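Position 1 is the first residue of the sequence; numbering continues from there. Treat the numbers as computed from the prediction; the structure is a model and nothing was measured.
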Amino acid sequence: MTDAVQDQAWLIFKAGKQSYAIDSSAVKEIVRNNLIFPIPFAPDYLKGIINCYNSPIAVIDFALMQGEEAQTKRMFLVLKDKQGVAFQISDVEEFQNGASTNAQDFANQNEMPFFSGTLSCKDRLVPLIATEHIIDKVRADLENS
């Protein structure tokens, strides 16, 4: 990746049993305990809508999207996108800045479409979420349902 990675801060969180990283500048806020209102006929990983300051936010259970069990904890990473999307998460683990991380691009994006690379931090590799690819999948699945 480019030198810009060294200036980025990453939010590392758990979704189900797995840890993931996201560019912290893509996160608007972290909210808890909002009620989820189901969306009929939506894919199972699209849990529903939460009300966040009178704005509807679509909730994606990323663990369920990855084939893990559905999450029950009501903690959400609200993204700064115009579509109004949040990831349902299990826990916030830590923030890492670029100086202590090493981001690497995936060579074949087609095999792992939801990830843009990995972060090496504290002797472990954490997948980097590619939010735009996830939102594209949700949009396509909703159009086909």
Side-chain angles (χ1 to χ4, degrees), residues 1 4-106 109-122 124-145:
M1 288 192 144
V5 169
Q6 297 303 316
D7 297 331
Q8 288 178 314
W10 304 97
L11 170 63
I12 300 173
F13 65 93
K14 279 190 121 35
K17 297 176 184 175
Q18 176 66 41
S19 295
Y20 300 98
I22 189 169
D23 182 347
S24 64
S25 68
V27 178
K28 181 177 181 179
E29 65 184 311
I30 300 168
V31 296
R32 297 173 183 247
N33 298 324
N34 290 47
L35 270 171
I36 302 173
F37 299 94
I39 301 171
F41 311 110
D44 59 349
Y45 64 82
L46 186 57
K47 297 296 260 314
I49 302 289
I50 60 173
N51 181 353
C52 191
Y53 306 110
N54 293 323
S55 295
I57 306 292
V59 175
I60 298 168
D61 186 335
F62 191 67
L64 195 57
M65 187 182 252
Q66 293 296 306
E68 294 185 34
E69 291 182 22
Q71 297 182 84
T72 57
K73 196 165 186 181
R74 292 188 310 189
M75 180 183 284
F76 311 98
L77 287 181
V78 180
L79 303 181
K80 288 183 181 175
D81 65 356
K82 292 181 173 69
Q83 286 84 19
V85 174
F87 291 129
Q88 185 173 10
I89 64 171
S90 305
D91 200 8
V92 172
E93 291 186 338
E94 63 183 302
F95 282 92
Q96 286 284 325
N97 63 22
S100 60
T101 60
N102 180 20
Q104 299 174 345
D105 284 324
F106 283 154
Q109 191 65 38
N110 294 330
E111 291 179 15
M112 302 194 76
F114 303 136
F115 305 103
S116 60
T118 59
L119 283 181
S120 175
C121 60
K122 294 185 180 178
R124 65 180 176 151
L125 292 177
V126 181
L128 288 172
I129 299 264
T131 57
E132 65 281 353
H133 295 200
I134 296 167
I135 293 168
D136 289 345
K137 177 177 177 36
V138 171
R139 186 178 297 116
D141 287 352
L142 286 173
E143 289 172 359
N144 295 326
S145 64

> Answer yes or no: is there a side-chain heavy-atom contact under 4.5 Å between F95 and L11?
yes
> My understanding is that only residues two or more places apart in sequence, or in another chain, count here; which of them pass salt bridge (charged side-chain N to carboxylate O under 4.0 Å, His left out) with D136?
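Expected list: R139.
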> Please list every donor-acceptor pair under 3.5 Å in which a side-chain atom of residues 49-57 meets a protein atom from a residue at least two apart or in another chain.
from	atom 1	to	atom 2	distance (Å)
N51	OD1	N54	N	2.9
Y53	OH	E29	OE1	3.3

> Applying side chain to side chain donor-acceptor pair (under 3.5 Å), can you list everything that pairs with R74, at least two apart in sequence or on another chain?
none
> Once salt bridge (charged side-chain N to carboxylate O under 4.0 Å, His left out) is applied, do any residues pair with K28, and if so which ones, sequence neighbours excluded?
none
> If I compare all heavy atoms of A86 with all of V78, which pair ends up nearest, and what's the gap?
CB-CA, 4.0 Å
> Could I get the full list of side chain to side chain donor-acceptor pair (under 3.5 Å) partners for K137, not counting sequence neighbours?
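D141.
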> Any idea which heavy atoms bring A63 and Q71 closest together, and the distance?
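Heavy atoms of A63 and Q71 come nearest at CB-NE2, 3.8 Å.
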> Pair up each side-chain donor or acceptor in residues 35-42 with any protein partner under 3.5 Å, not counting sequence neighbours, and list the distances.
none

> Parallel, tilted or perpendicular for F115 and Y20, by the 30°/60° rule?
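If you compare the ring of F115 with that of Y20, the planes turn out parallel.
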> Check V27 against K80 and note the closest heavy-atom contact, atom names and distance.
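Residues V27 and K80, closest heavy atoms: O-CE, 3.4 Å.
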> Mind listing the closest non-hydrogen atom pair of A130 and S116 along with its distance?
CB-N, 4.0 Å
> Can you name the residues that form a side chain to side chain donor-acceptor pair (under 3.5 Å) with R124, not counting sequence neighbours?
S19, E93, E94
> Looking at D91, is its backbone amide N or carbonyl O close enough to the side chain of K14 to form a donor-acceptor pair, meaning the two atoms are under 3.5 Å apart?
no
> Can you confirm whether I60 sits close enough to M65 that some side-chain heavy atom of one is under 4.5 Å from a side-chain heavy atom of the other?
yes
> Could you work out, with side chain to side chain donor-acceptor pair (under 3.5 Å) as the rule, every residue matching S25, not counting sequence neighbours?
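S25 satisfies side chain to side chain donor-acceptor pair (under 3.5 Å) with D23 only.
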> How would you list all residue pairs meeting salt bridge (Lys or Arg N to Asp or Glu O under 4.0 Å) that involve residues 50-70, not counting sequence neighbours?
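Of all non-adjacent pairs touching residues 50-70, those that pass salt bridge (Lys or Arg N to Asp or Glu O under 4.0 Å) are K47-D61.
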> So, taking the atom named CZ in F114 and the one named CD in E132, what distance separates them when rounded to the nearest 0.5 Å?
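Answer for the CZ-CD pair, F114 versus E132, is 11.5 Å.
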> Mind checking whether V138 and Y45 have side chains closer than 4.5 Å, heavy atoms only?
yes
> What closest approach, in Å, do K73 and S90 show between heavy atoms, and which atom pair accounts for it?
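Smallest heavy-atom distance, with atoms named: CD-O, 2.9 Å.
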> For the atom pair CG (N34) and CZ (R32), what is the distance rounded to the nearest 0.5 Å?
11.5 Å
> Please enumerate all residues that pass side-chain contact (heavy atoms from CB on, under 4.5 Å) together with T131, with sequence neighbours excluded.
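Residues passing side-chain contact (heavy atoms from CB on, under 4.5 Å) with T131: I22, L79, F87, I129.
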> Could you tell me whether the side chain of V92 reaches within less than 4.5 Å of the side chain of M75, counting heavy atoms only?
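Yes. Closest side-chain heavy atoms under 4.5 Å.
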> A side-chain contact here means heavy atoms from C-beta on lying under 4.5 Å apart; do W10 and L128 qualify?
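In contact.
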